[in-house]
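What you see below is based on every heavy atom in this structure, not just the backbone, and it leaves out hydrogens, waters and symmetry mates. Each residue takes its place number in the sequence, starting with 1. Read the numbers this way: they start at 1 and go in the same order the structure lists the ligands and their atoms.
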Amino acid sequence: MFYEKIKVPPPTFCPECRMVRRMNFRNERTLYKSKCIMCGKNIFSAYPEKSPLLVYCHDCWWSDKWSPLNYGTDYDFSKSFFQQFKNLMARVPRPGLSYTNTVGSEYLNYAVNVKSSYLVFGSHDLENVSYAKTAAHSKDSIDITTTLWSESCYETVDCAKCFAVLFSRYAENSQDDYFLFDCRNCSNCFSCTNLRNKNYHIFNQPYTKEEYQLAPDWIQNCFTKKLAR
Ligand SMILES: [Zn+2]
Ligand SMILES: [Zn+2]
């Protein structure tokens, strides 16, 4: 129906195969050891060295040693778009990785304004962050995905404005918490869901500050008992 409406032929591949082909188009997180074909420098690249694509290092690609305008070509209406697009892609040099303004962070791709970080992808404005994907404006964190304006976090997904939040998803404006799911403005909460403006809660139940501070022992005992069983 939809395809009839927009007057294009129905697809010949199933939806999943089409998704695989779309995702193949952008390799975001696999890094290969390769060489710049202009200066010969060893580089990390999104393309394996044996790839027929023409890959320059970051410095060569951004330099005036070549001009992308030399690769311009007229469009031929008698040939298919995709064939011409493929030919163009094969002829024009590309950067091995895509990044801007990074310091002390070699293992990355699609990254901007990144300092002293390791294995960060599709991210920007990070400092001292390792293993990040779509993270931004964050620092001193490890294993974060789609985490913004956060600090000292570990294993957070879809979190924002968090400080020292661990193993959490959909947490916002929160600090010193473990295992949150969809919580806002919470602090010192452990394993809580859907809480707003709360502190010292364990499994969504309120505790005094003193009780809460004993919780690590209580949790430790649970784990030890389990292991001993
Ligand atoms: Zn298929
Ligand atoms: Zn080079």
Side-chain angles (χ1 to χ4, degrees), residues 1-75 79-136 138-139 145-146 157-158 169:
M1 267 295 266
F2 173 70
Y3 293 106
E4 277 172 26
K5 210 174 181 179
I6 62 167
K7 295 193 170 59
V8 299
T12 51
F13 288 94
C14 78
E16 196 185 338
C17 290
R18 274 158 32 222
M19 185 188 71
V20 168
R21 286 153 71 96
R22 277 198 306 280
M23 290 172 93
N24 269 335
F25 195 77
R26 170 168 162 138
N27 163 26
E28 191 168 280
R29 279 175 285 177
T30 305
L31 303 178
Y32 298 93
K33 281 183 180 171
S34 187
K35 274 190 174 61
C36 168
I37 59 159
M38 187 186 277
C39 72
K41 193 168 81 178
N42 289 326
I43 55 168
F44 288 117
S45 170
Y47 313 95
E49 201 175 351
K50 62 176 196 304
S51 157
L53 298 169
L54 310 177
V55 175
Y56 287 174
C57 71
H58 185 261
D59 292 344
C60 288
W61 194 83
W62 284 99
S63 76
D64 289 332
K65 291 188 277 184
W66 71 292
S67 171
L69 298 177
N70 293 343
Y71 297 85
T73 180
D74 286 331
Y75 186 69
K79 291 183 183 142
S80 105
F81 165 79
F82 289 110
Q83 193 54 51
Q84 293 180 76
F85 187 54
K86 191 181 170 205
N87 292 345
L88 185 69
M89 299 273 278
R91 285 196 304 120
V92 185
R94 61 185 62 210
L97 298 175
S98 176
Y99 59 87
T100 309
N101 191 26
T102 63
V103 182
S105 319
E106 280 181 275
Y107 298 79
L108 46 70
N109 200 7
Y110 301 108
V112 180
N113 302 335
V114 169
K115 191 178 174 190
S116 307
S117 294
Y118 176 68
L119 288 173
V120 300
F121 301 95
S123 296
H124 63 91
D125 297 280
L126 299 181
E127 185 172 349
N128 264 326
V129 170
S130 297
Y131 312 102
K133 155 95 178 111
T134 31
S138 295
K139 60 186 207 176
T145 303
T146 324
V157 182
D158 304 317
R169 189 163 191 196

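Look at D125 and K139 and you find no salt bridge, because none of the NZ, NE, NH1 or NH2 atoms lies under 4.0 Å from a carboxylate O.
In terms of heavy atoms, K65 sits closest to C60 at NZ-SG, 3.6 Å. A pairwise comparison of heavy atoms in C57 and C36 identifies N-SG, 3.2 Å as the closest pair.
Figure legend: cation-pi geometry between R94 and Y56 absent, as NZ or CZ is not positioned both under 6.0 Å from the six-membered ring centre and within 45° of its axis.
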Should F121 and Y110 be marked as a ring-ring contact (aromatic ring centres under 6.0 Å, His included) after you check the CA-CA gap, both sets of side-chain angles, and the distance that decides it? CA-CA 6 Å; F121 301 95; Y110 301 108; 8.8 Å; no
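Judged by distance alone, the side chain of N109 and the main-chain N or O of S98 form a donor-acceptor pair under 3.5 Å.
Distances shorter than 2.8 Å separate the Zn ion (ligand 2) from the protein N/O/S atoms C36 SG, C39 SG, C57 SG, C60 SG.
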